[in-house]
Number of protein chains: 2
Amino acid sequence: MDKKRELPADVIEIAKFAKALSHPVRVYILKKLAGMNTCCYSGNIVEELPIGRSTLSQHLKELKYAGLIQGEIEAPYIKYCLNRENWENLKKIFGDFINTEG
Amino acid sequence: MDKKRELPADVIEIAKFAKALSHPVRVYILKKLAGMNTCCYSGNIVEELPIGRSTLSQHLKELKYAGLIQGEIEAPYIKYCLNRENWENLKKIFGDFINTEG
DNA sequence: AATATATTTCGTATTTTTGCGAAATATAAA
DNA sequence: TTTATATTTCGCAAAAATACGAAATATATT
């Protein structure tokens, strides 16, 4: 029987990505960006959702922090795109997790 | 351009499952249960992790609430097992999500 | 330089999550 | 029936997440 220990790194990584996906607004944004093979603007997203601009901004910030999206200035807009590299990483991590087998 | 609307049901469902996975202790438990093709006891889990018994109990409660595990009394223990049906559901939901394409 | 537009940051309030120890519960064993 | 064991629930405190409007920032246009 294993003794008390820290949680394994892969488990922590799964939880970190899951946390980024734990709010429907963030899932919506990621799904949109992964679905369109293009990018989008904060202003367009906020028109589709029942939240304010500053709230959206916070969700975008969290997705940036998780490395899942990136913003590029295209003044006066900011164009948000999926971070393909980390998105692939998330796919791998989650793919492995849901295929956990005995 | 779409007008402000509620978030789609599938997006909400993804976020709900992601929330259940947003804490490493809960990921650890699910991974363990999905990996072993068997069940386990609260007492065995708590010995492996750096958290107290009542804290673990709360995490188990959340996983139960999310429908991902179920407990069966096997006095004086409680045997926790994966809820295979909902686990399959999570696999499908997440599988579809990570395969979101343009 | 002044104005208009898009977005973020700040300050704040509310709610939710996380964690713990003590007490309660339930049941097996003596 | 008493005692011991496993787990949960309760009560609480601290931290994090969520949301908003007002103000700040940055930059294009006039």
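A note on names: the letters A, B, ... follow the listed sequences, proteins ahead of strands, and every chain is numbered from 1. The analysis underlying the following values was restricted to heavy atoms, covering all of them including side chains, and did not include hydrogens, waters or symmetry mates.
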Nearest-angstrom distance from the residue atom CD1 of B:Ile45 to P of D:dT7: 9 Å

Closest contact, heavy atoms only, A:Phe17 versus A:Asn86: CZ-O, 4.2 Å

Distance-only donor-acceptor test (3.5 Å): side chain A:Gln58, base D:dA19: yes

Between C1' of D:dA19 and CG of B:Leu7, the distance in whole Å: 14 Å

From D:dT8, C:dT8, C:dA28, nucleotide with atom closest to A:Tyr80 side chain: C:dT8

CG-CD1 distance between A:Leu56 and A:Ile51, expressed to the nearest 0.5 angstrom: 4.5 Å

Closest non-hydrogen atom pair between B:Val25 and B:His59, with its separation: CG1-CD2, 3.7 Å

Parallel, tilted or perpendicular, as decided by the 30° and 60° cut-offs, for the rings of B:Phe94 and A:Phe94: parallel

Protein-nucleotide distance (A:Ile78, atom CD1; C:dT7, atom C1'), rounded to Å: 5 Å

Side chain of A:Ser54 - closest among C:dA22, D:dT27, D:dA22: D:dA22

Sugar-phosphate, base or nothing in reach of A:Ile51, heavy atoms under 4.0 Å: sugar-phosphate

Within residues 18-33 of chain B: residues closer than 4.0 Å to DNA chain C (heavy atoms): B:Lys19, B:His23, B:Arg26

Pairwise side-chain contact, A:Glu62 with A:His23, heavy-atom cut-off 4.5 Å (strictly under): no

Nearest heavy-atom neighbours spanning A:Lys31 and B:Thr100: O-CG2, 3.6 Å

Rounded interatomic separation in angstrom, taking OH from A:Tyr41 and C1' from C:dA6: 12 Å

Rounded interatomic separation in angstrom, taking CG from A:Leu60 and P from C:dA6: 16 Å

N/O (side chain, A:Thr55) to phosphate O (OP1/OP2, D:dC20) under 4.0 Å: yes

Nearest-nucleotide pick for B:Arg53, side chain only, options being C:dT7, D:dT18, D:dT8: D:dT8

Whichever of B:Tyr77 and A:His59 has its nearest DNA chain D nucleotide further upstream toward 5': B:Tyr77

Whole-Å distance separating the OH atom of B:Tyr65 from the P atom of C:dT17: 9 Å

Whole angstrom value for the distance that separates P of D:dA6 from CD of B:Glu47: 9 Å

For B:Leu7 against A:Tyr28, the heavy-atom pair lying closest together: CD2-CB, 3.7 Å

Sugar-phosphate, base or nothing in reach of B:Ser42, heavy atoms under 4.0 Å: sugar-phosphate

Sugar-phosphate, base or nothing in reach of A:Ser57, heavy atoms under 4.0 Å: base

B:Lys61 NZ - D:dT9 P separation (whole Å): 5 Å

